[in-house]
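To keep things clear, I will list the structure first and then write my remarks on it.
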Amino acid sequence: ACLAVAQSSGADGRADWLIMERLPGTTLLHHIAADDLPLRQQLALADALGAALAAMARAGVHNRDGKPSNWIVTDPARAALAVIDTVGVG
């Protein structure tokens with residue numbers, strides 16, 4: 001999956017809230033800052049991000065906040081978008 005799954009949501013009178021699944025891994029921003037990904041892995045990850053964005057677009061899911069800190073690298077060639085607050089469907 002290219003999106004973290006929402007587990008629960010609601011409002012308590014003061015704020016709306018959303019509980020997302022916990023994804024194993026670290027942010028893409030962390031990997032960029034640490035410069036710890038070999039070129040082959042960077043290319044595989046870029047391909048995976050492109051495929052994830054294309055799948056989201058085909059499903060009618062749009063995100064305006066796909067910055068590196070919102071992508072969780074879950075294994076060497078996969079990443080999931082872990083923020084949903086700016087995602088629109090339609």
Side-chain angles (χ1 to χ4, degrees):
C2 58
L3 287 174
V5 176
Q7 302 292 326
S8 184
S9 64
D12 66 6
R14 294 173 294 165
D16 295 336
W17 51 269
L18 178 67
I19 298 173
M20 304 293 289
E21 75 176 304
R22 183 185 183 284
L23 296 171
T26 56
T27 67
L28 180 57
L29 181 63
H30 168 85
H31 288 292
I32 292 169
D35 194 23
D36 62 354
L37 298 176
L39 179 59
R40 196 174 296 269
Q41 190 175 346
Q42 291 176 34
L43 295 173
L45 197 51
D47 187 54
L49 291 173
L53 290 169
M56 290 167 57
R58 282 191 303 275
V61 177
H62 309 284
N63 184 283
R64 299 175 305 226
D65 200 20
K67 61 190 174 199
S69 60
N70 290 340
W71 286 95
I72 304 297
V73 178
T74 56
D75 72 43
R78 277 193 51 209
L81 187 61
V83 72
I84 198 88
D85 62 335
T86 59
V87 172
V89 179

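Model, not experiment: these values are computed from the prediction.
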Problem - Transitive ILVMFWY side-chain link Val73 to Ile32, under 4.5 Å - result: yes
Problem - Least distance between heavy atoms, Trp71 atom then Gly66 atom - result: NE1-O, 3.0 Å
Problem - From Leu45 atom CG to Leu49 atom CG, the distance as rounded to the nearest 0.5 Å - result: 4.5 Å
Problem - Contacts of Ser69 that satisfy side-chain hydrogen bond (donor to acceptor under 3.5 Å, both in side chains) - sequence neighbours left out - result: none
Problem - Counterpart residues, side chain to side chain contact (heavy atoms under 4.5 Å, CB included), relative to Arg58 (two or more places apart) - result: Ala54, Ala55
Practice task
Sequence neighbours left out, what pairs pass side chain to side chain donor-acceptor pair (under 3.5 Å) with at least one residue falling in residues 24-35?
Solution key: Thr26-His31, His31-Asp36
Problem - Nearest-0.5 Å distance, CG of residue Leu28 to CG of residue Leu37 - result: 7.5 Å
